[in-house]
Amino acid sequence: MLSMLRGIPASPGIVVGPVHLLRWEVPEVRHRLVDDADIDAEIARYQQALDKARARLRLLRARTETQAGATEAAIFDVQLSMLDDGELTNHTVALVRQNLGAEKAFDIVMSEWRQHFARSSSPMLREKVGDLTDVHIRVLSLLLELPDHDPVDVPPGSNTILVTHDLTPSLTMQLDRNCIAGIATEAGTATAHVAILARSLGLPAVVGLRSALSALRGGEVAILDGADGTLLIAPTDDEVAEARQRVADEAGRADVLRELAHSEAITRDAHRVVVRANVDIPEEAVLAADSGARGVGLMRTEFLVVGRATMPDEEEQYAAYTRVVKAFAGEAVIIRTFDVGGDKLPVGGYPHEANPFLGWRAIRMCLDESELFKVQLRALMRAAVHGDLRIMLPLVVTVDEVRETRQLMSECVEELAERRVPFRADVPLGVMVETPAAAVSCDTLVRDVDFFSIGSNDLVQYTLAVDRGNANLAPRFTPFHPAVLRLMQQVQRTGAAHGLDVCVCGEMASQPLAVFALLGLGIRQLSVAPRAVADVKRVIRGVRAEAAADAVQAALATSTAREAETLLRRRMRAELDR
Ligand code: PEP
Ligand code: MG
């Protein structure tokens with residue numbers, strides 16, 4: 001058995017603790033017949049499983065409400081109402097009365113429901129497929145008496161490392177941070193949303209550990225190193241002692257890092273850089289406000305939506321955006337409109353698409369569902385009275401998308417004025433430059449937008465045709481490819497020529513070497529993971545922008561990402577050592 005599994009570093013931190021395996025998949029169900037005499041007992045067994053599932057969901061609901069808030073807890077109401085559905089029970093019981101085992105009967109009914117919901121023309125029903133799947137798995141696991149797969153059963157304070165194939169954003173949101181101390185997944189990459197969310201939640205994580213489930217039994221002790229991207233199974237006493245020492249050392253360095261995080265972001269040759277924070281969930285705003293970052297460069301609003309049965313209404317969104325704006329009093333807070341689609345949706349929430357990353361998502365979906373989009377725009381324009389809120393559109397490929405949004409914003413102005421609620425009509429509107437189309441033709445956007453923000457995660461994905469979430473392709477996913485660097489240079493130059501702010505808010509902005517390259521390209525605004533602020537400022541304060549510019553010119557002249565990266569690393573080290 002392999003004792004050291006290597007994956008992709010996703011969220012830093014070391015955890016020493018027991019492994020808990022989570023197989024969140026619909027289990028196989030064998031055909032089983034029951035005798036006539038046993039039918040009533042079989043029905044009672046089914047009812048007991050429903051009762052246990054209800055009790056479990058109520059527990060999850062209560063815990064989520066205390067830890068995350070009422071909005072997040074509401075996701076469990078849908079599943080509870082499914083368990084109470086009379087039709088579900090009637091159908092299942094009818095099949096048991098025809099001598100089918102309860103698990104098979106329930107499996108048949110739930111499979112039919114999921115298919116029916118997935119094919120529905122109503123988006124509301126389609127959105128519920130993820131919840132149906134959760135209920136399907138939960139009740140079947142109880143009926144089949146499978147080892148308990150529910151993360152809620154892990155004892156509090158146990159410092160558990162959760163190992164699973166993949167985590168949906170909604171499942172990640174459900175994790176109990178009192179007991180789950182780290183995450184390891186077989187799938188995913190550093191820019192997949194599970195990794196981004198793990199960083200937001202401050203959970204050490206390693207992704208892309210391709211054979212983790214088969215290498216583990218569950219219950220054994222392991223050491224997860226989120227910065228190294230490793231999972232060490234059944235470590236020796238010495239290895240455990242060493243890991244614990246490193247945890248203690250890190251805690252000891254916290255004061256130094258805090259001071260660095262709150263220092264000025266200014267290069268040795270006096271170029272000032274604005275370092276803002278990426279915020280994924282409103283609860284994170286207070287932590288982010290204390291991270292040393294000045295404002296928010298990217299708030300990913302889709303995490304208000306994932307795992308939910310209904311879209312949050314205007315009041316709920318207004319409250320969420322206001323919370324973030326108030327946490328950053330006086331600082332810019334850039335809020336991105338819903339970027340749902342691709343890997344950011346609960347399973348089956350929208351029609352199945354062969355290529356979701358090229359599909360009906362982000363600004364495309366919002367413009368097609370304009371009433372839904374206007375709810376968000378109104379909430380944003382109202383929250384903007386509380387501070388310096390700016391709106392940002394994802395996945396833009398043409399200026400038409402900006403103009404259509406402005407048209408919808410004008411309609412919102414009229415609606416809000418009629419309602420006599422306070423709002424701002426002149427909220428700045430910017431775009432994410434995260435497609436090659438937007439980057440190459442950014443000059444066509446300059447007159448219609450107030451700022452650019454480079455989304456390097458998607459820009460790399462679309463430029464290099466490398467799926468950002470595919471663990472097999474992780475080494476090919478690099479922002480140092482000359483094509484990517486050239487596109488960024490073009491955006492920076494065009495933005496600067498027209499007096500527009502150009503920020504970088506993808507994950508590369510949190511990586512020290514990439515920060516050096518971005519400084520060299522002339523970028524002076526970064527939006528980074530709150531926990532990366534100290535490391536980012538260490539680079540900014542340790543180098544000269546002029547030296548970074550020379551280095552990046554040389555990197556742009558290389559032929560491969562590897563050459564560019566090696567060159568940049570050498571030059572950055574030399575700068576930092578000066
Ligand atoms: C990006 O694409 O770089 C980005 C910041 O957006 P997301 O990671 O949410 O797609
Ligand atoms: Mg993106």
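The figures here come from the full heavy-atom set of this structure, side chains too, leaving out hydrogens, waters and symmetry mates. Order of appearance sets the numbers: ligands from 1, and atoms from 1 within every ligand.
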Exercise for the section: Could you list which atoms of ligand 1 come closer than 4.0 Å to a heavy atom of Gly506? Expected result: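 Counting from 1, the qualifying ligand atoms are 3 (O), 5 (C).
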Handout entry: Residue Asp458 vicinity, atoms of ligand 1 by number, heavy atom under 4.0 Å
Key =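 Heavy-atom distances to Asp458 below 4.0 Å select 1 (C), 2 (O), 3 (O), 10 (O).
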Handout entry: Check: Leu556 and Gln489 side chains under 4.5 Å, non-hydrogen atoms
Key =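 Yes; the side chains approach each other to less than 4.5 Å.
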Exercise for the section: Pick one of side chain, backbone, both or neither for how Leu298 approaches ligand 1, counting any non-hydrogen atom pair under 4.0 Å. Expected result: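 Only the side chain of Leu298 comes within reach of ligand 1.
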Practice task
Could you tell me whether Glu507 approaches ligand 1 through its side chain, its backbone, both or neither, with non-hydrogen atoms closer than 4.0 Å?
Solution key: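 Under 4.0 Å from ligand 1, Glu507 contributes no heavy atoms.
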Handout entry: Polar proximity ligand 1 side, Arg300 side, N/O cut 3.5 Å exclusive
Key =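 N/O-N/O distance under 3.5 Å: yes.
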Practice task
Would you check the N or O atoms of Glu434, main chain and side chain alike, for any that come under 3.5 Å of an N or O of ligand 1?
Solution key: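 In this structure, Glu434 places an N or O atom under 3.5 Å from an N or O of ligand 1.
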Residues [X] and [Y] bridged, charged N to O under 4.0 Å:
X	Y	answer
Arg406	Asp448	no
Arg300	Asp339	no
Arg336	Glu302	yes
Arg294	Glu331	yes
Arg258	Asp290	yes

Problem - Proximity flag Gln461 to ligand 1, non-hydrogen atoms under 4.0 Å - result: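 Gln461 does not count as a contact of ligand 1 under the 4.0 Å cut-off.
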Practice task
Answer with yes or no whether Arg336 contacts ligand 1, where contact means a heavy atom under 4.0 Å from a ligand atom.
Solution key: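 The answer is yes, since Arg336 has a heavy atom less than 4.0 Å from ligand 1.
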Exercise for the section: Please determine which of Thr566, Leu576, Leu513, Asp550 meets the side chain to side chain contact (heavy atoms under 4.5 Å, CB included) test together with Arg571. Expected result: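 It is Asp550, the one option of Thr566, Leu576, Leu513, Asp550 that forms the side chain to side chain contact (heavy atoms under 4.5 Å, CB included) with Arg571.
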Exercise for the section: State the atom name: nearest N, O or S atom of Asp458 to the Mg ion (ligand 2). Expected result: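 It is OD2 of Asp458.
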Handout entry: Considering only N, O or S atoms of Glu434, the one closest to the Mg ion (ligand 2)
Key =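 Distance check against the Mg ion (ligand 2) picks out OE1 in Glu434.
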